[in-house]
Structures are given as C-alpha cells and as structure tokens.
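Have a look at the structure below before the remarks.
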There are 2 protein chains.
Amino acid sequence: MLSKKTKYAFHALTYLGKHRDKKTVLIHDISEEYGISHKFLENILLELKKAGILGSKKGKGGGYYLIKDPKDVALSKVIRLLDGPIALLPCVSLNYYEPCVECKSEALCGLNKVMIQVRDEMLNVLENKSLADILDKE
Amino acid sequence: MLSKKTKYAFHALTYLGKHRDKKTVLIHDISEEYGISHKFLENILLELKKAGILGSKKGKGGGYYLIKDPKDVALSKVIRLLDGPIALLPCVSLNYYEPCVECKSEALCGLNKVMIQVRDEMLNVLENKSLADILDKE
DNA sequence: TATAAAGTCTATAAATATTATAGGGTAATT
DNA sequence: AATTACCCTATAATATTTATAGACTTTATA
C-alpha cells in the first residue's frame with residue numbers, strides 16, 4: 001500500500017496542477033484543502049522540490065509551483081521518491097536493490113522470477129502514466 | 001514490499017512442496033533451514049492451515065504437510081493471507097476495500113483509475129502463478 | 001528599513017505496525 | 001503414561017510511519 005506521504009504528495013501535485021494559472025500556491029492552501037498537517041506537508045513539498053518536480057519562492061507572495069509539465073512527471077517517480085521501492089522484494093528492485101538476507105541464491109529463487117514479472121507489469125503502468133493522466137480525470 | 005511473514009510463508013511452502021514425499025515436516029526443520037524463529041513460524045503455519053493450504057498432524061511423528069496441489073495455491077492467496085491487500089490503495093482493493101479517508105469522490109479520483117490498472121496487472125501475474133511455478137525453478 | 005509572510009532545516013515525539021518471544025494447554029502417537 | 005508436537009493468548013522489542021516544534025533564512029512591500 002502507498003504511504004500517506006505518497007498519497008499526500010499526489011494530492012499536492014494534483015492541486016498544483018489544477019492551479020497552474022497562479023504563480024504560486026501556499027502550503028497552507030493545500031493542507032486545508034485535503035486536511036493534511038501543515039508541517040508534514042512541508043516536508044513532502046520540500047522533497048518534491050529537491051527532486052526537481054516543484055519550484056518554490058520564499059517570502060511574502062511566495063509558495064510552491066509545478067516546475068515540470070504534468071505529462072513529464074511519471075507516477076513511478078513520485079512513489080519512489082516518497083515510498084521507496086515499487087517492487088515487492090528488495091532483490092528485484094531496480095532503484096533500491098538489496099539481496100534478500102535469507103535467500104541462498106537469486107538464480108535459484110522461484111519467487112524472484114515471478115516478482116520480476118510483477119514489477120515489470122507495475123512499472124508498465126506507473127512509468128507510462130503521469131500526473132497529466134490524473135489531472136484529466138478530475 | 002512483502003513482509004517477512006509473507007516471505008517466510010513462501011519459504012515454508014517451498015520447503016513443504018519439496019518434501020511432499022514425506023508424510024509430515026517439522027516446524028523445527030523449516031525454521032532451521034531458513035533461520036526463522038520457531039515460534040514466529042508457528043503462527044504463520046497455523047494461518048496457512050486455517051486457510052486450508054496446509055494440514056497438520058499432532059503427536060509423535062506429526063508435523064505439517066501440503067494439503068493442496070501446489071498448482072492450486074495461487075501466490076495472491078498467500079500474500080493476501082499474510083500481508084493483506086495487494087492493491088496500492090484501499091479504495092481499489094478487491095478483498096480489503098475501504099474508501100480513502102481524504103478522498104472526496106472515487107469517481108472523480110484520477111489516482112483511483114490508475115491504481116485499478118496497476119492492481120489488475122499485478123493480479124494478472126499473482127493469480128495465475130502458483131506455488132508450482134516457484135517450485136519448478138528450485 | 002522594519003515587518004510580516006513564507007519557505008528551509010534539524011531534531012524529536014507520538015502513534016502504529018511489524019517482528020519476535022514466552023509459556024502454558026491440548027491432542028495424538030508410541 | 002509419557003513424549004512429542006501442534007494450538008493459543010498475551011506481551012515485549014523493534015522498526016517504520018506520521019506528526020510536531022521551533023529556530024532560521026529569504027523576500028516583498030508598506
């Protein structure tokens with residue numbers, strides 16, 4: 001399951017996407033709209049900024065804004081950023097690979113093979129769907 | 001990511017699958033083989049038994065054994081049993097549905113639509129692959 | 001240039017979920 | 001009858017997630 005952090009990130013991105021006409025949007029406005037703790041959301045927006053998805057402006061009249069075209073923000077990117085691996089096992093993660101501690105041999109592991117398939121099916125959707133696809137529906 | 005509980009369940013099932021020639025297998029043997037805490041494994045095997053996947057025999061000479069044909073044990077079943085929902089959002093879970101608290105309308109939620117796709121792609125693999133597919137590889 | 005508005009940063013607390021342990025009880029086999 | 005091994009409930013330890021606090025920096029504008 002996606003963490004709240006990731007869900008909040010999607011909410012925030014959706015909100016920012018809907019308000020692209022405005023130069024900036026306040027954290028406060030987003031946190032009110034979705035009932036998210038202001039400070040918690042702050043951290044999330046910062047991460048999105050560091051990842052190059054959002055820009056920000058300090059001071060009065062400041063706030064956050066989308067720096068990328070919604071169609072260039074793959075859902076997989078957001079999930080990996082806030083939640084970490086998409087794969088169901090560390091040994092099949094593309095971005096967060098780790099060997100399974102209790103596993104003797106990946107080559108002989110039947111689960112490994114299947115989970116690679118699952119990962120690829122998931123990524124097939126999550127890499128190709130973007131923020132733009134989410135905005136469309138709303 | 002799959003929990004240790006689920007991974008242990010797969011290990012145990014694999015072990016039992018490999019030793020179908022024997023009438024029963026001791027918890028102890030499985031826990032030794034994979035370095036799993038005996039008591040923790042006990043709980044997992046019990047759940048698998050309650051789900052009708054394993055059978056057990058008490059007393060001397062007792063132990064656990066596979067009650068089903070490996071090809072009839074879908075991976076999805078094991079994951080749902082030990083880990084809960086496979087879907088990435090509660091609002092798209094087939095077996096553990098819950099509305100998202102912060103979501104105003106599922107019909108208008110763009111994430112919802114995409115996550116249904118992701119779920120279906122995952123299930124396409126996990127429902128159709130079984131314990132037998134894992135055993136094959138080992 | 002003072003002030004208020006707004007993001008930045010680091011640390012920590014609270015809550016929750018996961019993993020593991022303990023120990024007694026019960027059933028079945030020899 | 002004794003041993004063996006499953007069954008069950010409760011609780012402790014650990015890790016992760018979620019949330020909060022507060023001081024600091026930057027910026028607009030009155």
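The structure displayed is predicted, hence computed values, not measured ones.
- Atom OH in Tyr34(B) sits about 18 Å away from atom P in dT19(C), given to the nearest Å.
- Looking at Val125(B) and Glu121(B), their side chains never come closer than 4.5 Å, going by heavy atoms from C-beta outward.
- Here side chain to side chain donor-acceptor pair (under 3.5 Å) pairs that include residues 74-97 of chain A, with residues two or more places apart or in two chains, are Ser3(A)-Asp83(A), Thr6(A)-Asp83(A), Ser76(A)-Glu127(A), Tyr97(A)-Glu106(A).
- The side-chain hydrogen bond (donor to acceptor under 3.5 Å, both in side chains) test applied to Asn112(A) returns no partner, not counting sequence neighbours.
- Looking at residues two or more places apart in sequence or on another chain, you find a side chain to side chain contact (heavy atoms under 4.5 Å, CB included) between His28(B) and Leu26(B), Glu32(B), His38(B).
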Show your reasoning for whether side-chain hydrogen bond (donor to acceptor under 3.5 Å, both in side chains) applies to Ser56(B) and Lys49(B). CA-CA 7 Å; Ser56(B) 69; Lys49(B) 185 192 169 180; 2.9 Å; yes

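- Residue pairs that meet the ring pair (Phe, Tyr, Trp, His ring centres under 6.0 Å) test with at least one member in residues 40-80 of chain A, sequence neighbours left out, are Tyr8(A)-Phe40(A).
- In this structure, NZ of Lys4(B) is placed 9 Å from P of dA15(D), rounded to the nearest angstrom.
- Side-chain contact check for Lys57(A) and Thr24(A): no donor-acceptor pair (N or O, by modelled atom type) lies under 3.5 Å.
- Applying the side chain to side chain contact (heavy atoms under 4.5 Å, CB included) criterion to Lys23(A), with sequence neighbours excluded, gives no partner residue.
- Note that CG of Asp133(B) and CD of Gln117(A) are 8.5 Å apart. Values are rounded to the nearest 0.5 Å.
- By the salt bridge (Lys or Arg N to Asp or Glu O under 4.0 Å) test, Asp120(A) pairs with no residue at all, sequence neighbours left out.
- In this model, the phosphate group of dT18(C) is not approached by any side-chain N or O of Tyr8(B) to a distance below 4.0 Å at OP1 or OP2.
- When each of Ile36(A) and Gly62(B) is assigned the nucleotide of DNA chain D with its nearest heavy atom, Gly62(B) is the one assigned upstream, toward the 5' end.
- For Ser3(B), no side-chain nitrogen or oxygen approaches OP1 or OP2 of dA17(C) to under 4.0 Å.
- A straight line from NE2 of His11(A) to P of dT18(D) spans 14 Å, rounded to a whole angstrom.
- Separating the CD atom of Glu32(A) from the P atom of dA6(C) is a distance of 13 Å, rounded to the nearest angstrom.
- Distance CG (Leu16(A)) to P (dG7(C)): 11 Å, rounded to an integer number of Å.
- Against DNA chain C, the stretch residues 73-99 of chain B makes no heavy-atom approach under 4.0 Å.
- Note on Tyr64(A): a side-chain N or O is less than 4.0 Å away from OP1 or OP2 of dT8(C).
- Listed in residue order, the members of residues 19-31 of chain A having a heavy atom less than 4.0 Å from DNA chain D come to none.
- Rounded to whole Å, atom C1' of dT12(C) lies 14 Å from atom CZ of Phe40(A).
- For DNA chain C, the residues of residues 44-54 of chain A within the heavy-atom distance limit of 4.0 Å (strictly under) are Leu46(A), Lys49(A), Lys50(A), sorted by number.
- Every residue two or more places apart in sequence or in another chain was checked for a side chain to side chain contact (heavy atoms under 4.5 Å, CB included) with Lys60(B), and none qualifies.
- In this structure, of dT8(C), dG23(C), dT19(C), it is dT8(C) that holds the atom nearest to the side chain of Lys39(A).
- Taking the side chain as every heavy atom from C-beta outward, Leu54(A) and Ile67(A) never approach each other to under 4.5 Å.
- Scanning atom types as modelled, no donor and acceptor separated by under 3.5 angstrom connect the side chain of Glu42(B) and the base of dC6(D).
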One pair to check against salt bridge (charged side-chain N to carboxylate O under 4.0 Å, His left out): Glu47(B) and Lys50(B). What are the steps and the verdict? CA-CA 5 Å; Glu47(B) 289 199 65; Lys50(B) 284 178 190 160; over 6 Å; no

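- With sequence neighbours excluded, the residues that form a side chain to side chain contact (heavy atoms under 4.5 Å, CB included) with Ala12(B) are Ile30(B), Leu41(B), Leu45(B).
- The CG-P distance, from Asn43(A) to dG7(C), rounds to 13 Å in whole Å.
- For Tyr15(B) and His19(B), the ring centers sit closer than 6.0 Å to each other.
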Please write out the pairs of protein N or O atoms and N or O atoms of nucleotides 28-30 of chain D separated by less than 3.5 Å, giving the distance to one decimal.
unit_1, atom_1, unit_2, atom_2, d
dA28(D), O4', Lys60(A), O, 3.4

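- Checking the phosphate oxygens (OP1, OP2) of dT20(D), a side-chain nitrogen or oxygen of Ser37(A) falls inside 4.0 Å.
- With rounding to whole Å, Tyr65(A) atom OH is found 13 Å from dT27(D) atom C1'.
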